[in-house]
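Order of appearance sets the numbers: ligands from 1, and atoms from 1 within every ligand. The analysis underlying the following values was restricted to heavy atoms, covering all of them including side chains, and did not include hydrogens, waters or symmetry mates. A quick note: this is a predicted structure, and the numbers were derived from the prediction, not measured. Numbers here are sequence positions counted from 1.
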Amino acid sequence: MIRKAGYPVEAHVIMTEDGYLLTLHRISGDNDSLPVLLLHAYLLADQGYNVWLGNFHGTTYSKTHISLSPSNPTFWNFSFDEIGIYDVSAMVTFITNLRSQPLHTCVGHSMGTTCFYVMASERPEIARMVKMMFNFGPVFLNHMQSPIRFLVPIRRMIKTLQPIILSDFLDVVSVKAMEHYVQEIHSGKFRKYDYGRARNQLIYNSAEPPDYNLANITVPSALFYGSGDLLVNIVDVKRLYRILPNVVDLYEVPWSKFNHLDFIWAKDAPKLVYERAFKLMKNTNLNNVILIG
Ligand SMILES: *[C@@H]1O[C@H](CO)[C@@H](O)[C@H](O)[C@H]1NC(C)=O
Ligand SMILES: *[C@@H]1O[C@H](CO)[C@@H](O)[C@H](O)[C@H]1NC(C)=O
Ligand SMILES: *[C@@H]1O[C@H](CO)[C@@H](O)[C@H](O)[C@H]1NC(C)=O
């Protein structure tokens, strides 16, 4: 699909520490025919960036494990915790080693941001390789009533759209990740998956799951949010802004109906979102970009 649009693309397969094989796509080029999901990738490539698309395990391009088959339930035994700790870490490390310098901008959308917060708080030595983080529709805690309630209409909506979106968006929302989000709504805490007191004791050595330490995330971060976003409450974004120690930009997209998925495919996203993001990126003088989520 990318190649069809006229951009050179390379695929790299990398292995995570927990044995999943992930495909990273690298795009560079200067054409602008735009299938929706990859919109930001093209825009970034047009700006002369090396763009990497991170495919989390479980998604179409990353459905392999060294020993587990996708038909084995253990293959699917992951939430955003494992994706953050293993997938995001593997991607960042791979690109850093390939270029021999820490120079990525990371752009996360939705669950991609959650995974990034997990990685950055649990693996600070890897987070240090990331020079800037863009958070589009950031999700850590959640004041909405039920994510399931909102995901149902989104599912219905997406089916009417390009297949690539279906796979890249829906596969990623594993059942365990959804449960994990629901747990956070109930507990009001951004913390590891809750297995119940007895199993928590065995797994975490405490009856309650440990919190992710957002206050430890020193990566310069830009938070972009839409006031029409049903999945992300502005109250939570403001809270995140207060907790993260190094927020360089807090930006409400100046369009009252701008919603969660508009970051991906709104026709106006280049003007409303990306122009500002590009300016910030230029200031940091980096040329490697990874998109997650
Ligand atoms: C860009 O797209 C146009 C048509 O939309 C095509 O004619 C042109 O060859 C493409 N350029 C590159 C570099 O692929
Ligand atoms: C899933 O992972 C948890 C935590 O490591 C483990 O206790 C549980 O047995 C696993 N379940 C499956 C089906 O792999
Ligand atoms: C993270 O923060 C906690 C307290 O907020 C602190 O005790 C810990 O040392 C920090 N860890 C790192 C790696 O900075």
Side-chain angles (χ1 to χ4, degrees), residues 13-24 54-94 108 110-127 138-142 146-152 155 166-217 231 292-293:
V13 175
I14 61 177
M15 193 175 88
T16 64
E17 290 160 31
D18 58 348
Y20 289 89
L21 301 174
L22 312 178
T23 303
L24 267 175
N55 301 293
F56 292 150
H57 70 254
T59 60
T60 305
Y61 298 108
S62 301
K63 262 204 176 86
T64 323
H65 184 276
I66 45 167
S67 60
L68 298 170
S69 141
S71 62
N72 184 333
T74 304
F75 180 97
W76 297 100
N77 189 14
F78 62 87
S79 174
F80 47 78
D81 183 86
E82 290 81 1
I83 295 177
I85 290 176
Y86 300 114
D87 291 27
V88 179
S89 299
M91 291 169 182
V92 168
T93 308
F94 174 80
S110 190
M111 193 170 93
T113 66
T114 317
C115 298
F116 186 85
Y117 304 139
V118 171
M119 184 283 285
S121 55
E122 296 282 301
R123 309 197 68 175
E125 76 287 358
I126 290 172
V139 182
F140 81 118
L141 269 183
N142 231 308
S146 157
I148 309 290
R149 210 176 101 200
F150 291 109
L151 277 171
V152 171
R155 269 170 199 268
L166 188 81
S167 50
D168 277 26
F169 191 85
L170 285 186
D171 283 4
V172 155
V173 186
S174 74
V175 172
K176 191 167 176 182
M178 281 320 301
E179 284 169 2
H180 198 166
Y181 279 124
V182 171
Q183 289 179 356
E184 310 213 314
I185 292 168
H186 291 313
S187 70
K189 293 186 168 163
F190 184 49
R191 59 184 190 179
K192 285 180 173 284
Y193 188 88
D194 190 348
Y195 291 95
R197 300 182 71 84
R199 274 174 73 205
N200 287 345
Q201 192 66 48
L202 289 174
I203 294 169
Y204 305 126
N205 202 21
S206 70
E208 296 288 323
D211 288 339
Y212 298 112
N213 217 325
L214 290 170
N216 287 14
I217 301 178
L231 281 165
I292 56 174

*Taking side chain as C-beta onward, heavy atoms only, is K189 less than 4.5 Å from E208?*
no

*Only one of F140, F80, F190 forms a ring-ring contact (aromatic ring centres under 6.0 Å, His included) with Y181, so which one is it?*
F80

_By side chain to side chain contact (heavy atoms under 4.5 Å, CB included) - contacts of T16 (at least two apart)_ = D18, Y20, L22, Y86, D87, A90

Nitrogen or oxygen contacts under 3.5 Å, ligand 2 side and protein side:
| residue | atom | partner | partner atom | Å |
| --- | --- | --- | --- | --- |
| ligand 2 | 2 (O) | N77 | ND2 | 2.4 |
| ligand 2 | 7 (O) | R199 | NH2 | 2.9 |
| ligand 2 | 11 (N) | N77 | ND2 | 2.9 |
| ligand 2 | 14 (O) | T74 | OG1 | 3.1 |
| ligand 2 | 14 (O) | N77 | ND2 | 3.0 |

*Are side-chain N/O atoms of D81 and S79 paired as donor and acceptor at under 3.5 Å?*
no

*Closest approach of S121 and P124, non-hydrogen atoms and distance?*
O-CD, 3.9 Å

_Aromatic plane relationship, Y204 with Y195 - under 30° parallel, 30 to 60° tilted, over 60° perpendicular_ = tilted

